[in-house]
> 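Pasting a structure below so you can have a look.
Just so it is clear, the model here is predicted, and its values are computed rather than measured.
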Amino acid sequence: MTRALKRLRSCPLLLFGPLTTANVTKPGQPDEVVLAPPKDTQDAHATKKLKLLEKHTMKSPYPLFIRPTAEETRVVYALLAAHTPGGVPILHSEPKDASDAGNSTSAPRTGSSALPNVLDSVIGTILSQNTSSQNYTRAKSCLDATFGTGEAAFGRMANAEVGEVARAIKCGGLANKKANTIQTLLKSVKAKHGKYNLQHLHTEEIPNCDAMRELVSYKGVGPKTAACVLSFCLGRQAFAVDTHVFRLARMLGWVPEDANPVEAQAHLELRIPSELKYGLHVMLVKHGRTCRGCRYEGKGSCPLKAWLLERNM
């Protein structure tokens, strides 16, 4: 046992119980050590996620916090639409091509159904976490160039050495962690459905709550990732809360000051009118990326800040 592994096993911050060494970085792999928790810990974590999801499906984690109202969300929606290049983004239930979804995590199409590949979209959304859109694009392109696309490629990816997957996505950051998450996802999908395929989630008979429940049940897939897949791949109304959306929601007073992103998403998913969710999410993300006036100590004009000042908020 290496000294580094001994230190990791003795660290009091590792709260996942006994750790396996199946995914310890090997010589030649990126310099990041990732230890996989045992399967029973993974199952317990999935159960916890599903319980929280079920708990907040009908009731906000902040039941006494009545903002945003439907009226103010419509005002902010219209305000952002007037200041967003191209206006309100359109939600396509069946995009004409992968770029139509307007997000870098939309998936290529496979098979005769001409529908975006759901599993590929989940993988893409995992790769987009904690990195820039440019680095995500490079990592996804390298992953596809290494393993290909489609179900056969998923099989090669799942059964490869974790280091091979990590090297393919190294430019996207957190390579070993994401590689481990992707392989665990693929193996879980195969174990559950007998194939590397989640296309059944396109079925209209499966409601949003059931699609969200299945996606969140997989290790490494949280509510934000699941909501992105629902919107950008499945063409459904869902409200994902990323860094930009969370910051702006706090600025607007739409969540309590002590809110966290996961509970903020659960709260806003219930408070925002369904028909506004996709468009509002996309416009808030674009605004958060480009508006200098609403950043911390930002200088310049911001239509949202101007609206807040008009309301003396």
Side-chain angles (χ1 to χ4, degrees), residues 67-107 116 121 124-125 128-137 140 208 223-255 259 261 264-265 267-311 313:
R67 296 190 64 203
T69 64
E71 180 183 358
E72 68 179 305
T73 56
R74 296 183 195 283
V75 170
V76 169
Y77 185 91
L79 190 61
L80 288 171
H83 291 83
T84 299
V88 177
I90 299 174
L91 177 65
H92 297 280
S93 58
E94 295 184 8
K96 295 180 181 179
D97 58 57
S99 63
D100 278 353
N103 186 280
S104 60
T105 59
S106 51
S121 181
T125 309
S128 73
Q129 295 169 357
N130 301 300
T131 193
S132 66
S133 58
Q134 293 86 351
N135 286 342
Y136 154 76
T137 301
K140 186 63 170 67
N208 282 10
K224 181 185 75 171
T225 296
C228 285
V229 173
L230 256 66
S231 288
F232 295 109
C233 178
L234 299 178
R236 304 187 185 204
Q237 291 285 0
F239 194 77
V241 172
D242 73 344
T243 302
H244 299 292
V245 175
F246 183 57
R247 174 170 58 83
L248 293 174
R250 293 184 67 187
M251 185 186 81
L252 291 165
W254 285 5
V255 294
Q265 178 170 317
H267 175 74
L268 295 171
E269 180 70 33
L270 293 172
R271 299 295 305 178
I272 295 172
S274 180
E275 69 275 12
L276 304 183
K277 289 176 180 176
Y278 171 80
L280 188 58
H281 164 81
V282 172
M283 291 190 290
L284 284 170
V285 170
K286 289 183 177 180
H287 184 81
R289 287 174 175 171
T290 60
C291 179
R292 296 182 178 181
C294 67
R295 294 178 183 175
Y296 178 70
E297 295 184 351
K299 297 181 179 179
S301 61
C302 170
L304 296 181
K305 278 191 171 182
W307 175 71
L308 290 173
L309 287 173
E310 288 176 6
R311 298 187 63 192
M313 297 179 67

> How long is the straight-line distance from CG of L276 back to CG of L91, given to the nearest 0.5 Å?
12.0 Å
> Which residues pass the side-chain hydrogen bond (donor to acceptor under 3.5 Å, both in side chains) test with K277, sequence neighbours left out?
E269
> Between H244 and R289, does the side chain to side chain contact (heavy atoms under 4.5 Å, CB included) criterion hold? Intermediate values first, please.
CA-CA 7 Å; H244 299 292; R289 287 174 175 171; 3.4 Å; yes
> Report the residues that fulfil side-chain hydrogen bond (donor to acceptor under 3.5 Å, both in side chains) with Q237, sequence neighbours left out, ordered by chain and then residue number.
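Residues passing side-chain hydrogen bond (donor to acceptor under 3.5 Å, both in side chains) with Q237: none at all.
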> Nearest heavy-atom pair of G253 and R67: which atoms, and what distance?
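Closest pair (atom of G253, atom of R67, distance): O-NH1, 3.2 Å.
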> Could you give the distance from NZ (K305) to CG (L248), rounded to the nearest 0.5 Å?
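These two atoms lie 10.0 Å from each other.
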> Would you sort out whether F232 and Y278 count as a ring-ring contact (aromatic ring centres under 6.0 Å, His included), showing the intermediate values?
CA-CA 9 Å; F232 295 109; Y278 171 80; 5.5 Å; yes
> Distance from W254 atom CH2 to H267 atom NE2, nearest 0.5 Å?
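If I round to the nearest 0.5 Å, the distance is 10.0 Å.
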> For residues L268 and P68, determine if any side-chain heavy atom of one lies less than 4.5 Å from a side-chain heavy atom of the other.
yes
> Got a sec, which pairs hit side-chain hydrogen bond (donor to acceptor under 3.5 Å, both in side chains) with one end in residues 73-82, sequence neighbours left out?
R74-E275
> Among residues at least two apart in sequence or on other chains, which ones pass side-chain hydrogen bond (donor to acceptor under 3.5 Å, both in side chains) with T225?
Q129
> Run the side-chain hydrogen bond (donor to acceptor under 3.5 Å, both in side chains) test against N208 and tell me which residues pass, sequence neighbours left out.
R236
> Could you measure the distance from the CZ atom of R247 to the SG atom of C294? Nearest 0.5 Å is fine.
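If I round to the nearest 0.5 Å, the distance is 5.0 Å.
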> Without swapping roles, check the side chain of S231 against the backbone of A238 for a donor-acceptor pair under 3.5 Å.
yes
> Side chain to side chain contact (heavy atoms under 4.5 Å, CB included) between E72 and W307: does it pass, once the steps are laid out?
CA-CA 11 Å; E72 68 179 305; W307 175 71; 3.9 Å; yes
> Cut-off 3.5 Å, no hydrogens considered: what does the side-chain donor-acceptor table look like for residues 78-89, sequence neighbours left out?
residue : atom : partner : partner atom : Å
H83     : ND1  : L79     : O            : 2.9
T84     : OG1  : L80     : O            : 2.6

> Yes or no on side chain to side chain contact (heavy atoms under 4.5 Å, CB included) for C302 and R292, after CA distance, side-chain angles and deciding distance?
CA-CA 8 Å; C302 170; R292 296 182 178 181; over 6 Å; no
> Tell me if a side-chain donor or acceptor on R271 pairs with a main-chain N or O of A70 at a distance below 3.5 Å.
no
> Contact between L308 and M251 at the side-chain level, heavy atoms closer than 4.5 Å - yes or no?
yes
> Let me confirm one number: the CZ-CG distance from F239 to L230, rounded to the nearest 0.5 Å.
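Taking CZ in F239 and CG in L230, the distance rounds to 14.0 Å.
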> Of V229, V241, D242, which is the lone residue that meets side-chain contact (heavy atoms from CB on, under 4.5 Å) with K224?
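One option only clears the test, and that one is D242.
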